[in-house]
Protein chains: 2
Amino acid sequence: MLETLKALAEPNRLHIVELLRDGPRPVGDMVQRLHLRQPQVSKHLRVLSDAGLVDARVDAQRRIYTLRTAPLQQLDVWLERYRQLWEQNFKRLDALLDEMKTSHRKSKHPKR
Amino acid sequence: MLETLKALAEPNRLHIVELLRDGPRPVGDMVQRLHLRQPQVSKHLRVLSDAGLVDARVDAQRRIYTLRTAPLQQLDVWLERYRQLWEQNFKRLDALLDEMKTSHRKSKHPKR
DNA sequence: TACGAATATGACTTGACACGTATATTCTCT
DNA sequence: AGAGAATATACGTGTCAAGTCATATTCGTA
């Protein structure tokens, strides 16, 4: 979880993840798209790999990297516990709006 | 988005967020729970505040911090684009399992 | 008004990490 | 076997961020 966040909390690595969202890519491809030198891209890929966010398949001299969704699913699960919080707020807002409408119709002041 | 990730990608700050999930708390309360000195907690709260993840309400000398869900909702939206990916994989897996069952019944080999 | 509680901020130190350069490794092709 | 392509790794450097200590600030209370 924390490792996932640390891995994603770096602009270039986040960018790599976004690239891989569209499908697997070799390293050289990413070197071209990001404005980075090859060693740096390899290092970022190492970090992402250690975090379980990518997988490498060997193709001759090239390594084709693929996005692994498992850590993202984990993040999604973690967020679930917070989703309740804002849904709760939506409900409260709905209630408030409803109360305002009602009080308007009845020409009363909303209480609380 | 990136700022949110950077803010969360630090163990103590993540811990603070988890604490605030249960409701607002004054700084001193968090100092006791986390094994951190007061200045450090204040600084982490500063980072979280800059990222829009917390809000402070003044109560005499104390400041009561509250979790703001907006950045987490944003994270949720970002994840949405990846959720499709693993749901796609689930479908593929379903299809494969289905095919295996079928081929077993018909005593055939699954194709491709 | 003086004092203590609660919190924020500044100066400083240290460790981690992103980047660059150079080099090693592995594979293809001639 | 030799050359070159594609990628990974080692090492050095600068920057930034987390931690600590000391101090400032604000407020309640004796």
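By convention in this document, chain letters (A, B, ...) are assigned in the order of the sequence lines, proteins followed by strands, and residues within each chain are numbered from 1. Side chains included, hydrogens not; waters and symmetry mates left out as well; all remaining heavy atoms used.
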Letter per nucleotide, 5' to 3', of nucleotides 17-23 of chain D [B base touched, S only sugar-phosphate touched, - untouched; heavy atoms, 4.0 Å]: -SBBBB-
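Going from atom CG of Leu45(B) over to atom P of dT7(C) covers 10 Å, rounded to whole Å. The nearest whole Å value for the distance from the CG atom in Leu34(A) to the C1' atom in dT7(D) is 15 Å. To the nearest angstrom, C1' of dA18(C) lies 17 Å from NE2 of His15(A).
Shortest non-hydrogen contact noted between His15(B) and Leu34(B) is ND1-CD2, 3.3 Å. Closest of all the heavy-atom pairs between Arg21(A) and Leu85(B) is O-CD1, 3.9 Å.
Taken from CE in Met30(A) to CG in Leu45(A), the straight-line distance is 5.0 Å, to the nearest 0.5 Å. Atom CG of Leu20(A) and atom CD1 of Ile64(A) lie 10.5 Å apart (nearest 0.5 Å).
With a 6.0 Å radius and a threshold of 12 heavy atoms from other residues, nucleotides or ligands, Glu18(B) has its CD atom above the threshold. In Arg83(B), the CZ atom is crowded: over 12 heavy atoms of neighbouring residues, nucleotides or ligands sit closer than 6.0 Å.
Between Arg46(B) and dA8(C) there is no side-chain polar atom (N or O) within less than 4.0 angstrom of OP1 or OP2. The side chain of Tyr65(B) contributes no N or O atom lying less than 4.0 Å from OP1 or OP2 of dA6(C).
Side-chain atoms of Ser42(A) lie closest to dA8(D) of the nucleotides dA8(D), dA8(C), dC27(C).
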